[in-house]
**Q** 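Quick one: this structure, given as structure tokens, is what I'll be asking you about.
Convention: sequence-line order gives letters A, B, ...; per-chain numbering from 1.
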Amino acid sequence: MNDTLYIGTRKGTFIAERGPNGYQLRLAGHAGTSVNYVARDPHTGHVWAALGFGHWGAKLSRSEDGGATWADASQIKYPQDARYLAPPDPGTEDDAEPSRFTVRPATLLKLWVLGFGPGGRVYVGTIPGGLFVSENGGESFELNRPLWDHESRGGDLTDVRRNEDIGDRKTHWFGTPASEGGEFAAGIHSIDVDAKDPNRLRVAISTAGVLESRDGGKTWAGRNQGMTNDYLPDPHTEWGHDAHFVQSCPGQPQHVWQQNHCGVFYSADGSASWTKVSAPEQGVHFGFPIAVDDEDGRTAWVVPGISDQQRMAIGGGLFVARTEDGGQSWQQLRAGLPQDSAYDVIYRHALAVRGRRVAFGSTTGNLFVSEDRGDSFVAVAHHLPPIYSVRFG
Amino acid sequence: MLPGVAQIEFTQHLPTLFPHLRGGPLPLEASTVAELVAALDRLAPGVAFYVCDERGRLRRHVNIFVDGELLVDRQHLSDPLEPDTRVFIAQALSGG
């Protein structure tokens, strides 16, 4: 099925099918609607789309026929007693207690990513910071409470109904205004299901860091050892890291990669510890997406941008960087990519690797595919809407 | 108060997403706007979550007009409806 690419864009879901004459591209649904993420569940064959209507809220859409027709799926809704601590809002006009956390009732702001496990498990990551899980192929979803109530975000807030009840609780989960749509609350954008042990999964949060469960989501622990940042007073703090995307190697799940706001990080021990493997002299430092080889955990791809105030292709030339030695060295791959006046930005879900194929899409509507692990690229489309996600079928 | 029959109309976008709602004003029994949205959801399952969030609050970028006046209670939609009240659900103009 890796002849099919599912593409989420600001104006709908597109599908690109590889045929004898290259890729055929079509608008497959959700015309005019923001589609944050589209992916096919390899276990059920259903295709899922995470929609963001400007007026009508975030909605899950599902296709049971490969993207030919779509219908609203069971919707993600926060339970009535789901509350979260919000850090002081920089935009608040209430200056009575400007430095205090506030407790807020959770309502769905954004569907950001989906993940899939065997046995009909479907995971959905949201803003504000919810992991929703289905055990029945997506017929119904429940908020994962152990993560929602994690100590890193103030623990169980069931009885914290008013700000006066907060006491000394605090959250280490912060929002990032860079999230598309500008929802200023923490969000789960990475759901990494271990390909060999489906009870082992990781989530990454902007902005908090990485958490891992080894028991199918019953308990969670932070996995930020070795992470560093350059925007907090303590660069080695346990929490507050701005992971942009996290993925493990399907064939060697102990190898985990993270493109972070503050560089590229690599773990060879299942995210127990991270090592910064940025190579600024090669332009490898800032970016949003990262993709790992199917089999070789030491091989990964990134699409760097200028860090971090500008967020553009470096020097007006677009390149993909690949490492095959766990980040000790990086190779810039430019063949087939524009090298003059290119200002493409590649979002966190818009780079994918399957076998020898590499595909990515940009905010300027360009879609590129490589058949040789990135050594050379061909442009499949130039005029798509801004691209949010690219995934192989 | 016994529920009267209100007439409900929509911005064009909603019937596009919910074909059940096509074809002009719909008569629905309801004595408050909240009841009206609930009745609407029975007619077109799922539509209430487009109009309101999971706590029953009107979405920020949605407006409801009751006989031409903007809804007062966006939290609970408790605004009363008289028989033959005309209710209009619209996208707020919050874009270019």
**Q** Check each atom of B/Arg57 against the heavy atoms of chain A and say whether the ones under 4.5 Å are side chain, backbone, both or neither.
**A** side chain
**Q** Is it true that atom CD of B/Glu69 has more than 12 heavy atoms of other residues, nucleotides or ligands lying nearer than 6.0 Å?
**A** no
**Q** Does A/Glu142 have more than 12 heavy atoms from other residues, nucleotides or ligands lying within 6.0 Å of its CD?
**A** no
**Q** Determine whether B/Asp53 and A/Tyr78 satisfy the following criterion, side-chain contact (heavy atoms from CB on, under 4.5 Å), listing intermediate values before the conclusion.
**A** CA-CA 10 Å; B/Asp53 67 18; A/Tyr78 280 88; over 6 Å; no
**Q** Tell me, do A/Trp56 and B/Leu17 make a side-chain contact under 4.5 Å, heavy atoms counted?
**A** yes
**Q** Would you say the side-chain atoms of A/Gln75 pair up with the backbone N or O of B/Gly46, donor to acceptor, closer than 3.5 Å?
**A** no
**Q** Which atoms of A/Pro105 are under 4.5 Å from chain B, going by heavy atoms: the side chain, the backbone, both sets, or neither?
**A** both
**Q** Check the angle between the aromatic planes of B/His13 and A/Phe53 and answer parallel, tilted or perpendicular using the 30° and 60° thresholds.
**A** perpendicular
**Q** Checking A/His55 against B/Thr11 for the side-chain contact (heavy atoms from CB on, under 4.5 Å) test, could you report, in this order, the C-alpha distance in whole Å, the side-chain angles of both residues, the deciding distance, and whether it holds?
**A** CA-CA 11 Å; A/His55 295 81; B/Thr11 177; over 6 Å; no
**Q** Could you give the distance from CZ (B/Phe49) to NZ (A/Lys59), rounded to the nearest 0.5 Å?
**A** 5.0 Å
**Q** For B/Arg55, is it the side chain, the backbone, both or neither that has a heavy atom under 4.5 Å from a heavy atom of chain A?
**A** both
